[in-house]
Amino acid sequence: MAMSDPVDGKVRLIETRDGGASWRVVDPEGMAPALVGEAGFAASGTCLATAAGRWYVATGGVDPGRVFRSGDGYHWDVSNASIAGGEGSGVFSVQFRDARYGVAVGGNYSFPTGSNSTAAWSSDGGVTWIPATSFPGGYRSGAAWVPGHRSVALAVGPTGSDITLDGGRRWHGFDNGSFDSVECVKGTCFASGENGRVGVLQITV
């Protein structure tokens with residue numbers, strides 16, 4: 001599945017069932033309406049995510065940012081994500097480790113050092129979002145759970161990287177390098193950024 005900004009008042013989704021050889025527009029009837037100015041941010045490619053058979057779409061441009069959720073990809077609900085939004089700001093990445101537990105990160109890409117209200121977590125499949133107790137060190141564009149480490153996730157952005165050991169409740173900075181996206185496989189995480197920058201992190205907690 002892929003997404004675009006709203007068309008005729010609803011986030012547009014397209015889907016493929018043959019490995020990308022052909023695509024079709026998903027019927028928008030089941031999509032929750034978008035708000036005026038609402039849009040998605042593609043900085044890390046994780047404003048659209050799937051886990052445990054469920055789908056999630058992260059948006060910004062409105063305050064607060066929001067997360068859409070669906071159990072089948074066709075019928076959608078939406079919740080406020082407790083992340084500050086507005087022009088150029090909102091939720092940039094949403095990631096779930098299973099059907100219940102998820103993290104969302106974002107901020108304002110025009111003010112990358114701003115760290116207030118930039119992360120939230122959910123324990124009910126995205127129905128409700130709780131602000132983190134301590135936020136990442138600035139705007140974060142990408143996030144990833146670390147497989148095999150139940151409550152561990154990473155967040156990356158242009159001013160640094162952060163780790164949570166408690167499912168998104170508290171974030172701790174550990175690097176000041178610039179990255180846009182992160183993906184973890186087993187205990188190894190790979191981050192990528194501008195000018196071909198690539199980082200590798202081994203998680204041993």
> So, is the end of the R140 side chain (NZ or CZ) under 6.0 Å from the ring centre of F92 and within 45° of the ring's axis?
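No, cation not above the ring by the 6.0 Å, 45° rule.
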> Report, as yes or no, whether the 6.0 Å neighbourhood of atom CZ on R12 holds more than 12 heavy atoms from other residues, nucleotides or ligands.
no
> For the residue pair W145 and R150, what are the closest heavy atoms and their distance?
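Scanning both residues completely, I find the closest heavy atoms to be CZ3-O, 3.7 Å.
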> I need the minimum non-hydrogen distance between S70 and H75, along with the two atoms involved.
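Nearest heavy atoms, S70 then H75: OG-O, 2.9 Å.
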> When clusters are formed by joining ILVMFWY residues with side-chain heavy atoms under 4.5 Å apart, either directly or through shared neighbours, do V94 and I163 land in the same one?
no
> Do N116 and F135 come close enough that some side-chain heavy atom pair is under 4.5 Å?
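In short, these two side chains touch, coming nearer than 4.5 Å.
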> Taking the side chain as every heavy atom from C-beta outward, state whether S117 and P131 have any pair of such atoms under 4.5 Å apart.
no
> Within the 4.5 Å heavy-atom criterion, are W129 and V91 side-chain neighbours or not?
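The answer is no; the side chains never approach within 4.5 Å.
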> Does D98 have any side-chain contact (heavy atoms from CB on, under 4.5 Å) partners at least two apart in sequence or in another chain, and if so, which?
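Listed in chain order: R100, Y101.
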> Return the orientation label for the Y109 and F41 ring planes: parallel under 30°, perpendicular over 60°, tilted otherwise.
perpendicular
> Hey, does L154 have a side-chain heavy atom less than 4.5 Å from the side chain of F174?
yes
> Is the closest side-chain donor-acceptor distance between T16 and D18 under 3.5 Å?
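There is such a pair (donor and acceptor under 3.5 Å, judged by atom type) between the side chains of T16 and D18.
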> D162 and T164: side-chain donor and acceptor closer than 3.5 Å?
no
> Where do Y139 and A43 come nearest, in terms of heavy atoms and distance?
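Heavy-atom minimum between the residues: OH-CB, 3.8 Å.
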> More than 12 foreign heavy atoms under 6.0 Å from CZ of R17: is that the case here?
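Atom CZ in R17 is not packed in, count stays at 12 or less.
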> Contact between S181 and S192 at the side-chain level, heavy atoms closer than 4.5 Å - yes or no?
yes
> Would you say that R97 contacts S151 through its side chain, given a criterion of any heavy-atom pair below 4.5 Å between the two side chains?
yes
> Do you reckon L165 sits in the same ILVMFWY cluster as I203, going by side-chain contacts under 4.5 Å, direct or chained?
yes
> What pair of heavy atoms forms the shortest contact from S93 to A143, and how long is it?
OG-N, 3.2 Å
> Please round to the nearest 0.5 Å and tell me the distance separating atom SG of C47 and atom OH of Y56.
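One finds 15.5 Å between SG of C47 and OH of Y56.
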> Do V156 and S161 have side chains that approach each other closer than 4.5 Å (heavy atoms only, starting at C-beta)?
yes
> Is the CD atom of E87 crowded by more than 12 outside heavy atoms at less than 6.0 Å?
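For E87, atom CD is not crowded (no more than 12 foreign heavy atoms under 6.0 Å).
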> Would a hydrophobic clustering, with Ile, Leu, Val, Met, Phe, Trp and Tyr connected at side-chain separations under 4.5 Å, put W121 with V146?
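No, no single cluster joins them.
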> Between S141 (side chain only) and S44 (backbone N and O only), is there a donor and an acceptor less than 3.5 Å apart?
no
> Kindly give the heavy-atom pair with the smallest separation between S115 and P136, and that separation in Å.
CB-O, 3.2 Å
> Show the nearest heavy-atom pair for residues C189 and V182, with the distance to one decimal.
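Reported closest heavy-atom pair: CB-CG2, 4.3 Å.
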> Hydrophobic cluster mates of M3, side-chain heavy atoms under 4.5 angstrom, ILVMFWY only, any path?
M1, V11, L13, V26, M31, L48, W55, V57, F68, Y74, W76, V78
> Please round to the nearest 0.5 Å and tell me the distance separating atom OG1 of T133 and atom CH2 of W171.
12.5 Å
